[in-house]
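A short write-up of the structure that comes next.
Per chain, numbering begins at 1; letters A, B, ... match sequence-line order. Basis for what follows: all heavy atoms, side chains included, without hydrogens, waters or symmetry-related copies.
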Amino acid sequence: MARAKDVLTELQARRDWRTALEYFRWMKAQPGFQHSAKLYTGLIHFLGREGQPHAATLLFQEMLLERQRPSHYAYTGLLNAYGRAGMIDDALEVFDYMRGCDDDSCRPNTVTCNVLLGSLCKACRYEKALEVFADMRDPHGPLADRCRPDIFTYNVLVDALCRGGQLDAAAALLHALRVGGLEGGAVRPNVVTFNTLIDAACKAGRAAQAEELVAAMAGQPGVRPDVVTYTALIDAYGKAGLVAKAQAAFQKMRAAGLRADVHVYTALMTACGRAGDVEQAEALFNEMKRMHMKPT
RNA sequence: UACUAGAAUCUGUAUU
């Protein structure tokens, strides 16, 4: 028998939050039925991800009315919903509440802080972002060692620096991560760290730097170029009019055993189109259709 | 509580 969580998982995969809410309501209307705190939490996260902060708020309030105690997961989900929607003041309010919470299970952790940090950076609230980051690093500070920066934290910062045009600072941060690591050597770069900088370098017209970084990935344990890496390169080559290089990168990606997705196909098709090679673009499109490729 | 969160948070294409 299908459980509520499985149904909701499927609806999340389809990104159908309306049906998910409907289903949730229907379940709740069954006599004697009570949703668990985890189910509420899961749906709050889903709604937040789908850019529905209002619906997330209502569900959170309903959760309280149903006497389900929200954990830090639930608060973080709500914070994420606000942060993604640019409702920074609301996000900060949730964060402050969590920070002052007596109940240990509601206190912010590294993920909570990462969500907030990302929201602040996206809203260009850098001063506040740095304040949060400093608190995360201070074991005796208000966050008391539960929020030590991890690689997600640094990836948010690298991304913020890149988007702010501070490519050199971002590169310096990646370098520090690569050489000895940060947080006492505990934090090392992952594929996202590299990809973030590679894409920024590509978009800044620094192809050589991007290629150097791709080569450097091999020297980092557990890191190797993925489809995102190749998409960044192919996009850059295409926009620079270097279709042959774009094609070569695509072949190299396949030779590495990586599965092409919609993004990389689109990038390569666009590159072909720009270069006037409509036939090749069409061939790629047909290939995509044959593979029944789904948006990711 | 029973390694017990059900995708909690980071990067790429196109449209703008």
Checklist entry - Would the number of heavy atoms belonging to other residues, nucleotides or ligands and lying under 6.0 Å from CD of A:Glu93 be above 12? => result no

Item to check | Strand-adjacent residues in residues 238-248 of chain A, judged by heavy atoms under 4.0 Å from RNA chain B | outcome: A:Lys239

Next on the checklist: Which residues pass the salt bridge (charged side-chain N to carboxylate O under 4.0 Å, His left out) test with A:Arg84, not counting sequence neighbours?
Outcome noted: none

Checklist entry - Does any residue of residues 85-103 of chain A have a heavy atom under 4.0 Å from RNA chain B, and if so, which ones, in number order? => result none

Checklist outcome for this item: Each base of RNA chain B marked ( ) or [ ] if paired in-strand (Watson-Crick or G-U under 3.5 Å), | if paired to another strand and . if unpaired gives ................

Next on the checklist: For a ring-ring contact (aromatic ring centres under 6.0 Å, His included) check, start with the C-alpha distance between A:His263 and A:Tyr265, then their side-chain angles and the critical distance, and finish with the verdict.
Outcome noted: CA-CA 5 Å; A:His263 294 305; A:Tyr265 265 107; over 10 Å; no

Checklist entry - Taking O4'-C1'-N9-C4 for purines and O4'-C1'-N1-C2 for pyrimidines, is B:rG12 syn (within 90° of 0) or anti? => result anti

Checklist entry - Where along residues 207-216 of chain A does a heavy atom fall under 4.0 Å from RNA chain B? => result none

Checklist outcome for this item: Exactly one candidate in A:Phe95, A:Tyr97, A:Tyr75 meets side chain to side chain contact (heavy atoms under 4.5 Å, CB included) with A:Pro108; the answer is A:Phe95

Item to check | Listed partners of A:Asp96 passing side-chain contact (heavy atoms from CB on, under 4.5 Å), at least two apart | outcome: A:Arg99

Checklist entry - Same cluster for A:Val94 and A:Leu64 if Ile/Leu/Val/Met/Phe/Trp/Tyr side chains link at under 4.5 Å? => result yes

Checklist entry - Going by the side chain to side chain donor-acceptor pair (under 3.5 Å) test, which pairs reach into residues 181-195 of chain A, not counting sequence neighbours? => result A:Arg137-A:Glu183, A:Tyr154-A:Glu183, A:Asn155-A:Asn190, A:Asn155-A:Thr193, A:Asn190-A:Thr193, A:Asn195-A:Asp226, A:Asn195-A:Thr229

Next on the checklist: Could you check whether A:Phe60 and A:Tyr40 have their ring centres less than 6.0 Å apart?
Outcome noted: no

Next on the checklist: Taking only the C1' atom of each, what is the distance from B:rU9 to B:rU13 in whole angstrom?
Outcome noted: 23 Å

Checklist entry - Are A:Thr112 and A:Asn109 close enough that some pair of their side-chain heavy atoms sits under 4.5 Å apart? => result yes

Item to check | Gap in Å between the two P atoms, one belonging to B:rG6 and one to B:rU1, rounded | outcome: 15 Å

Checklist outcome for this item: Applied to residues 258-283 of chain A, the salt bridge (charged side-chain N to carboxylate O under 4.0 Å, His left out) test, sequence neighbours excluded, yields none

Next on the checklist: Holding to salt bridge (charged side-chain N to carboxylate O under 4.0 Å, His left out), I want the full list of residues that pass it with A:Lys38, two or more places apart in sequence or in another chain.
Outcome noted: none

Checklist entry - Using atom C1' of each nucleotide, how far apart are B:rA8 and B:rG12 to the nearest Å? => result 23 Å

Checklist entry - What pairs with A:Arg290 under salt bridge (charged side-chain N to carboxylate O under 4.0 Å, His left out), at least two apart in sequence or on another chain? => result none

Next on the checklist: Generate the contact string for nucleotides 4-11 of chain B. Rules: B means base contact, S means sugar-phosphate contact only, - means no protein heavy atom under 4.0 Å.
Outcome noted: -BBSBBBB

Next on the checklist: Going by salt bridge (charged side-chain N to carboxylate O under 4.0 Å, His left out), name the residues that satisfy it together with A:Glu10, two or more places apart in sequence or in a different chain.
Outcome noted: A:Arg14

Checklist entry - Is a donor on one side and an acceptor on the other found under 3.5 Å between the side chain of A:Arg69 and the backbone of A:Ala37? => result no

Next on the checklist: Evaluate A:His45 against A:Thr41 for side chain to side chain contact (heavy atoms under 4.5 Å, CB included), listing each step before the verdict.
Outcome noted: CA-CA 6 Å; A:His45 278 281; A:Thr41 305; 3.7 Å; yes

